[in-house]
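Below, chains carry the letters A, B, ... as their sequence lines are ordered, and counting in each starts from 1. As the structure is a computational prediction, the values presented were derived from the model and not from experiment. All heavy atoms count here, side chains included; hydrogens, waters and symmetry mates do not.
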Amino acid sequence: MSLFWQTLICGLLLGGVYALIAIGMTLIMGVMKIINLAHGALVMIGMYITYVCFHYWGIDPYIAIFISMPALFFLGCLIQKYSINVLIGKESILPENQVLLTVGIMLVLTETMRLIFGSDYKSVHTSYTGTSFFIGDVSVSIPMAISFVIAMVFTYALHIFLTKTDIGRSIRATAQDKEAAILMGVNTNKITIVTFGLGSALAAAGGTLLVPIYYLFPDIGHAFVAKSFIITILGGMGSTMGALFGGLTLGIAESFGATYISMELKDVVGFVIFIIVLLFLPGGFKSLTKR
Amino acid sequence: MLRVNNIDVYYGEVQALWEVSLQVSEGEYVALLGANGAGKTTTLNTISGLLRPKKGNIEFLGQDLSHVPAYKTAEMGIAHVPEARRLFPEMTVEENLIMGSLPKRAKEKRKESMDWIFTLFPRLKERRHQEAGTLSGGEQQMLAIGRGLMLRPKLLMLDEPSLGLAPFLVDEVFKIIKKINEEGITILLVEQNVMHALNSCTKAYILESGRITLQGRGKDLLSNEHVREAYLGI
């Protein structure tokens, strides 16, 4: 029985961080109506920034979040303003072309990191790496628990931002009806830029929170694009709450897959859930709350 | 207040408006009438900047709107209540109203405006925490008008507010528009319900296949033979 609880808690903690990353993707998807396939690469950049902060300047990964998030917010704004929005202005270009553009951005980011840091696996060793505490006979990794708590705090903060501030409401309004938002006086062009920046910052936060738990290498982004996409579909596109539950579900499912099936097949579990959801609940968790 | 000067508007290659001109003075209640597809919505969308005229221009309070981005027209005092209401379906009634008061001037009066709208539409107060998408058609129309009023507009443009409503609600909507006008807000109303609109407006324009064919006082147009034949069926 303790193995069961161990697996559940491990999955839940990791799922919280997945959720944070996926919420970034779902925000961008809501406003832009495109899948940002560079999202994983943004997570990866966040991880490298954290690595550099720790390795060269001795900054603790959890402090480095205050560097990686603003940096990626800025990068995200630049990407939206000077590449994606430029493409929208062109007539007769299909929305799919913006998705292709994000693939290009992903490649540029990934290969730039490879150029600078090489393809080697890197990891960060802090004083708390590998430490854990016990709840009964279940051991809980301290860095995973800290990462989970921070991820949940950010998720909650984002929820407050989206529901209680004018910019947050404008982001949701733009996602629900762009033209009506313009009539309300929303500069939707600016909103797309802020949203991409915000989504990127959340990706960076997720990346940073993974650094004390995970290792990093330039291609690690691919895994997170796939995970975020699965979570977004699980949760229902554009839904923040859905992405939260989707993230936790995926984390737990992967964890059980790893424990009870096999370590190599844990990603398969995610994809199987993905297919099942598409077949039987195409609207995702979001569709359960309303008819 | 508002001057539309000889505008030609196109959708791609297709021309929708031919030299449309109209004037709305402060405090007036102007109706723009016509059949489906005559170009009424196109005219409103061009005024609020969602579409750009290929020829001609639009002036509001003496300022040329040709290079004013669409999102800035709200700030200038034009509230556009679009066709089919276009509420934010997953936001609550209250949030939809808040969205109507984003520009600085309106934001300062947000609380006050909301109270005013809740006295105008008591139904909305009851449902303030309900998502807009779950409201009935009539309630949604009330909310759409309320959201427009949250701007404290100088000019309120209404696009077919009676569309899809039960007859008793149509009367109700026209009564409310009249009341809003009496509070000093200038109205530009687009309608297919010609009878109702002519009865309540001060001035009307008839739009037919993208051209203004008739204009005059509401009461005068009611007795116009062409109007009676084509729109009132008498």
Side-chain angles (χ1 to χ4, degrees), chain A residues 23 26-27 29-31 33 81 85 88-93 159-195 235-243 283-291, chain B residues 12-13 41 44-45 47-51 68-92 94-107 110 129-134 140 143-144 147-153 156-159:
Chain A
I23 287 169
T26 210
L27 262 188
M29 187 181 282
V31 168
K33 313 292 175 210
K81 185 165 186 185
N85 274 355
I88 294 172
K90 306 276 179 268
E91 262 182 50
S92 85
I93 288 183
H159 176 72
I160 296 296
F161 171 74
L162 288 177
T163 51
K164 302 283 180 231
T165 68
D166 276 3
I167 300 179
R169 289 190 202 103
S170 300
I171 289 175
R172 287 162 60 218
T174 306
Q176 288 172 33
D177 191 330
K178 190 172 175 184
E179 214 166 72
I182 294 173
L183 294 179
M184 297 302 115
V186 175
N187 182 349
T188 51
N189 196 38
K190 201 175 91 189
I191 289 294
T192 60
I193 295 168
V194 171
T195 305
M237 287 192 259
S239 162
T240 319
M241 272 301 154
F285 292 157
K286 189 172 82 168
S287 61
L288 289 178
T289 57
K290 50 178 76 93
R291 285 172 300 135
Chain B
E13 298 286 301
T41 298
L44 288 198
N45 284 347
I47 294 170
S48 55
L50 293 174
L51 294 167
V68 175
Y71 72 89
K72 284 224 167 114
T73 54
E75 207 171 300
M76 294 177 71
I78 302 178
H80 182 167
V81 179
E83 194 177 8
R85 310 183 262 270
R86 305 289 286 270
L87 297 168
F88 303 112
E90 289 168 27
M91 291 177 131
T92 63
E94 208 168 77
E95 284 179 311
N96 267 280
L97 290 175
I98 291 172
M99 281 306 294
S101 60
L102 292 181
K104 213 161 127 215
R105 218 169 39 84
K107 195 176 171 176
R110 187 173 279 174
H129 299 302
Q130 203 171 316
E131 280 188 7
T134 65
Q140 287 195 11
L143 180 54
R147 188 179 65 175
L149 289 174
M150 285 296 287
L151 185 67
R152 292 296 177 120
L156 179 67
M157 302 199 295
L158 299 154
D159 198 342

S.K.: Considering residues at least two apart in sequence or located in another chain, which fulfil the salt bridge (charged side-chain N to carboxylate O under 4.0 Å, His left out) criterion with A:Glu179?
M.R.: B:Arg86
S.K.: Tell me, which pairs form a salt bridge (Lys or Arg N to Asp or Glu O under 4.0 Å) where one or both residues lie in residues 95-106 of chain B, sequence neighbours left out?
M.R.: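 Qualifying pairs, neighbours excluded: A:Arg172-B:Glu95.
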S.K.: Under 3.5 Å, is there a donor-acceptor pair between the side chain of A:Lys178 and the main chain of A:Ala173?
M.R.: no
S.K.: Between A:Thr188 and chain B, which part of the residue has a heavy atom less than 4.5 Å away: side chain, backbone, both or neither?
M.R.: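 Neither part.
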S.K.: Of the backbone (N, CA, C, O) and the side chain (C-beta and beyond), which part of B:Leu151 lies under 4.5 Å from a heavy atom of chain A, both, or neither?
M.R.: neither
S.K.: Got a sec: does the CG of A:Leu162 have more than 12 other heavy atoms crowding it under 6.0 Å?
M.R.: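 Result for CG/A:Leu162: enclosed.
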S.K.: Heavy-atom pairs under 4.5 Å with chain A are the metric here; pick the option from B:Met76, B:Met91, B:Arg85 that has the most.
M.R.: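 Winner by heavy-atom pair count: B:Met91.
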